[in-house]
Number of protein chains: 2
Amino acid sequence: MKKTTPKKPTSLDFAILGLVSHQPLSGYGIRKIFETTEMGNFGTSPGTIYPALKRMQKLMLVENLTSKTDNKNKFHITIKGKELLQNWLVRPLEMIDVSRKREEIILRFAFMDKYSSQKQKLVFLESFHDLLTIYIKQLLDYHKAENLQMPLHGRLSFEHGIESYKATLKWCKKTLLVIKKMT
Amino acid sequence: MKKTTPKKPTSLDFAILGLVSHQPLSGYGIRKIFETTEMGNFGTSPGTIYPALKRMQKLMLVENLTSKTDNKNKFHITIKGKELLQNWLVRPLEMIDVSRKREEIILRFAFMDKYSSQKQKLVFLESFHDLLTIYIKQLLDYHKAENLQMPLHGRLSFEHGIESYKATLKWCKKTLLVIKKMT
DNA sequence: TCGCACATGTAACGTGTTACATGATTCA
DNA sequence: TGAATCATGTAACACGTTACATGTGCGA
């Protein structure tokens with residue numbers, strides 16, 4: 001007996017969902033935003049976006065409505081879409097997210113504006129902070145133990161990874177302060 | 001009439017090729033390295049690695065030889081594989097690489113050890129440096145122009161992107177000095 | 001009226017993901 | 001002897017890439 005796959009949405013789906021949760025957008029509008037921002041990492045071509053919108057429509061996460069004012073078709077988020085988005089936003093962070101899906105973590109944070117409480121934002125950032133700290137320590141330990149055996153370029157590339165995570169941690173601390181200041 | 005697709009290798013293919021260019025490895029050995037390093041971003045599961053090795057074998061980029069000493073099967077890079085690797089290593093950097101494929105740039109640098117001259121390494125890093133500088137400037141301009149209209153979380157996430165690129169630029173400068181010092 | 005940006009799609013293809021499956025070796 | 005690690009795979013499925021295709025509206 002086959003398990004009925006729950007059809008887990010991709011990062012791209014969530015990126016789209018997050019965008020239309022802020023404002024209704026046409027498929028083209030979504031593509032433009034993807035192209036001009038870091039979100040482009042989740043895909044920009046028509047062959048990616050339009051099929052994604054179609055399956056999300058089928059799953060009733062978004063709906064395509066015609067604006068009465070300018071007579072243009074735009075995608076709106078549905079109740080079901082909002083629920084899915086919120087569940088995704090509050091999903092506890094794991095180490096695997098930190099080590100392999102940093103982009104998605106930042107994406108989640110980007111969409112927490114409207115759908116998460118200040119408490120949730122703080123929990124999220126603090127957990128990110130703690131996991132990052134542990135992960136960086138692991139990287140440093142590995143570096144210390146192995147750097148003499150590593151080829152020069154391997155070591156230098158590895159160090160790029162470390163610096164990159166340190167930059168994220170720094171951002172995390174700064175951002176934590178910003179959010180804490182909010183009332 | 002159909003164009004005969006030249007079957008462009010993926011980042012994963014190059015990651016594997018680079019690894020076996022340093023030392024012969026079993027499929028399992030390759031997976032272990034992917035799992036324990038940042039290269040894991042290019043895929044770690046058996047369902048990714050083994051099929052990749054198969055197609056690379058078919059394309060005669062690698063060959064599977066049995067070691068006479070320990071009687072284990074390991075993949076070796078072929079002449080053709082080395083040629084492909086070298087072409088990839090010296091391919092000029094473009095802005096699109098910087099904005100969307102930073103991981104691949106670092107990966108390329110990691111494998112330049114044996115197959116690139118010091119001159120080539122310097123050209124590579126200097127070009128990376130220049131493109132990064134331009135790209136960061138673009139990000140900062142965008143930030144300046146738009147930050148008042150952006151939602152708070154959007155702005156903060158955007159700032160993560162900026163910090164991340166700055167960290168890469170910093171690494172690039174440092175690494176340039178290291179390479180320059182080499183004789 | 002030329003070209004560009006707007007706007008939305010489809011088709012073929014190959015790749016990655018996920019889950020399943022198997023067996024050998026090593027060590028406690 | 002049982003568990004963990006070594007070691008290699010397969011199958012279904014869906015997704016993303018690439019290339020193609022079409023048509024509108026607008027400003028120079």
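Quick caveat, the model's predicted, so the values are computed rather than measured. Values reported hereafter were calculated over all heavy atoms of this structure, with side chains retained and with hydrogens, waters and symmetry mates removed.
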- [ ] Let me know the distance between CZ of Arg31(A) and P of dA5(C), rounded to the nearest Å.
- [x] 13 Å
Open item on the list: For a quick test of reading the model: is some side-chain N or O of Tyr50(B) closer than 4.0 Å to OP1 or OP2 of dG9(D)?
Closed with: no
Open item on the list: Quick check: do Leu84(A) and Phe14(A) have side-chain heavy atoms less than 4.5 Å from each other?
Closed with: yes
Open item on the list: Does a side-chain N or O of Lys8(B) approach OP1 or OP2 of dT17(D) to a distance below 4.0 Å, or not?
Closed with: no
- [ ] Measure from the side-chain heavy atoms of Thr10(A) and tell me the nearest of dG9(C), dG16(D), dC6(C).
- [x] dG16(D)
- [ ] Please state whether the rings of Phe111(A) and Trp88(A) are parallel, tilted or perpendicular, taking 30° and 60° as the class boundaries.
- [x] tilted
- [ ] For dT8(C), take OP1 and OP2 only and decide whether either is under 4.0 Å from a side-chain N or O of Tyr28(A).
- [x] no
Task: Between dA11(D) (P) and Lys54(B) (NZ): distance, integer Å - done: 9 Å
- [ ] Ignoring backbone atoms, test whether Lys72(A) places a side-chain nitrogen or oxygen under 4.0 Å from the OP1 or OP2 oxygen of dA7(C).
- [x] yes
Open item on the list: Please give me the minimum heavy-atom distance between Leu131(B) and Met95(B), naming the atom from each residue.
Closed with: O-CE, 3.6 Å
Task: dT18(C) OP1/OP2 closer than 4.0 Å to side-chain N/O of Ser45(B) - done: no
Task: Lys/Arg-Asp/Glu bridge criterion (N-O < 4.0 Å) met for Lys32(B), Glu35(B) - done: yes
Task: Selection: residues 96-104 of chain A, any non-hydrogen atom under 4.0 Å of DNA chain C - done: none
Open item on the list: Distance check needed: dG16(D) C1' versus Asp13(A) CG, whole Å only.
Closed with: 12 Å
Task: Rounded distance (Å) that lies between atom P of dC15(D) and atom CZ of Phe14(A) - done: 12 Å
Task: Closest-nucleotide ordering on DNA chain D, the 5'-leading residue of Leu12(A) and Lys32(B) - done: Lys32(B)
- [ ] Could you walk me through whether Ser164(B) and Arg102(A) pass the side-chain hydrogen bond (donor to acceptor under 3.5 Å, both in side chains) test, one step at a time?
- [x] CA-CA 11 Å; Ser164(B) 170; Arg102(A) 238 188 317 171; 5.6 Å; no
Open item on the list: Between Arg155(B) and Glu159(B), does any side-chain N to carboxylate O distance fall below 4.0 Å?
Closed with: yes
Task: Contact under 4.0 Å: Arg55(B) side-chain N or O vs dG14(C) OP1/OP2 - done: no
- [ ] Grab the CG-P distance between Asn64(B) and dA7(D) for me, whole Å please.
- [x] 13 Å
Open item on the list: For Phe158(A) and Tyr142(A), I'd like to know if the aromatic rings sit close, meaning centre-to-centre distance below 6.0 Å.
Closed with: yes
